[in-house]
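Here's the structure, in structure tokens; my notes come after.
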Amino acid sequence: MKLLVKNGTVVTEKGEIKADLLVENGKIAKIASKIEENCKAIDASGKHVLAGLIDMHVHLREPGFEGKEDIESGSKAAVKGGVTQVCCMPNTNPVCDNAVVASYIKHRAQEVNLCKIHPIGAITKGQQGESLPDIGKMKAAGVVALSDDGKSVDNSLIMRLAMEYAADFGLRCLCHCEDKSLVDGGVVNEGYNSTLTGLKGSPRAAEDIMIARDIALSESLGIPVHICHVSTYSGVEIIRNAKARGVKVTAETCPHYFILTDDIITGYDTDTKVNPPVREEKDKNAIIAGLKDGTLDCIVTDHAPHSLKDKQVEYNLAAFGISGIETSFALSYTYLVKSGVMSLCELMDRMSSSPAKILGLEGGVIEEGAPADLVIADFAEKYVIDPAKFLSKGKNTPFKGFEVYGAIKYTLVDGAIKYKA
Ligand code: DOR
Ligand code: ZN
Ligand code: ZN
């Protein structure tokens, strides 16, 4: 099977080139200025050809919470968003803390056959923070990392043991950093706007303490660790300092943390409720600077779809989370590249090659011999984000009505067209 992508601007790690790209047997066979082949062709004139995005922090909700999302709806949403590989968090029901659930997810992903899906196993049994699951069996079943996302592992000894065992199996712990005692029921960032709205605030320190703890464990053990969804300026600083000392820490953030501030909570729209909460201008600016200088290695969505009944309740009772997988690329392009913060190559590093490197996944690059996981995007096309058009079951986005650039026209996985606008 051959497919030719003609006349596009191909974004490689070395830069942008006007070129044709030949796909053969699921791989990128050739990149050259003019390729003549008698096969099916896509005309990418005026468009960019990018490596498929890799989103290493996604909640697909299956098994157990299929009312919010399932592997099929999540996969459809992913490829619409230009995402060709997804790592899904284990806070399902049952929790993905064993080989059976991990295998089930992989099996369903194959049946759905849209994007590549890699399960993440729980750090502790049932995400209860008390004992370790059978990490070796989960690894054999295909988990690519461990996380108790949704909460921190409160007990530092358990966390230390988990990091040691995970490292033995070549797995990294992805740490949701939250000191529950300090959050104390907070639902938004603690600051002027929490006082103004009367909504209970959660301080930066609740996140920073756990970032610092997990970095301390990583440093003392010499074991890599990954910090999830960084939202505070002070967290960025802790990570930057640790990296400067040579600590093997990597970190991610999400579009809502580099685009929004907590001014948006004043309308009490529960789609703005997310954990950790969106914070203030200085946090937003520090996150942008951290992404630019590589302190924050990658952009993920923390795609957290919820049903209407979970969100159409008073703010304090609403579920935390943003449905983000269909808007992540256009928002990131608009707010980071079009605004002049970083180059397209840098954005592709944060959204594709860097996650691949962190987790040791294939792909994330456009080069001959690599899997043909590709996106064709039109950067000139402007559109307005409308959750009614989402393929995800989760319509919960604080970005409704935002004008963005960067429409995904095609998504290819292993050379097969999985989405066409
Ligand atoms: O906002 C969030 N939603 N943060 C998390 O840590 C978990 C996630 C979810 O699972 O809904
Ligand atoms: Zn989390
Ligand atoms: Zn999450």
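Note that ligands are numbered from 1 as they come in the structure, with each ligand's atoms numbered from 1 the same way. If you're wondering where the values come from, they're calculated on a predicted model, not measured in any experiment.
Cation-pi geometry between Lys338 and Tyr405 is met: the NZ or CZ atom falls under 6.0 Å from the ring centre, inside 45° of the normal. In this structure, Lys395 forms no cation-pi arrangement with Phe390, as its terminal cationic atom is not both closer than 6.0 Å to the ring centre and no more than 45° off the ring axis.
Contact between Ser353 and Val365 at its shortest, heavy atoms only, is CB-CG1, 4.4 Å. Smallest separation of non-hydrogen atoms from Leu132 and Tyr165: CD1-CD1, 3.5 Å. Residues Ile366 and Leu50 share a closest heavy-atom pair of CD1-C, 3.4 Å. The two atoms that bring Pro224 and Arg172 nearest to each other are CB-CZ, 3.7 Å, heavy atoms only.
Of all the heavy atoms of Asp149, the ones lying under 4.0 Å from any atom of ligand 1 belong exclusively to the side chain.
Residue Tyr192 qualifies as open at atom OH: its count of foreign heavy atoms under 6.0 Å is 12 or below.
For Asp149, the N, O or S atom with the smallest separation from the Zn ion (ligand 2) is OD1.
Heavy-atom proximity to Gly150, at under 4.0 Å, picks out these atoms of ligand 1: 6 (O), 7 (C). Contact atoms of ligand 1 toward His306: 11 (O) (distance under 4.0 Å to a heavy atom of the residue). Short contacts between ligand 1 and Val274, defined as distances under 4.0 Å to a heavy atom of the residue, involve ligand atoms 1 (O).
Annotation: Phe320 places an N or O atom under 3.5 Å from an N or O atom of ligand 1; distance criterion only.
Between the ND1 atom of His176 and the NE2 atom of His229, the angle centred on the Zn ion (ligand 2) amounts to 100° when rounded to 10°. Angle subtended at the Zn ion (ligand 3) by His59 NE2 and Asp302 OD1: 90°, rounded to 10 degrees.
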Stepwise, does the side-chain hydrogen bond (donor to acceptor under 3.5 Å, both in side chains) test hold for Asp55 with His303?
-> CA-CA 9 Å; Asp55 190 344; His303 177 68; over 6 Å; no
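Of the protein's heavy atoms, Asn275 O, 2.8 Å lies nearest to atom 4 (N) of ligand 1. If you check which protein heavy atom lies closest to atom 6 (O) of ligand 1, you get His176 CE1, 2.9 Å.
Among His59, Lys68, Arg61, the residue whose heavy atom lies nearest to atom 11 (O) of ligand 1 is Arg61.
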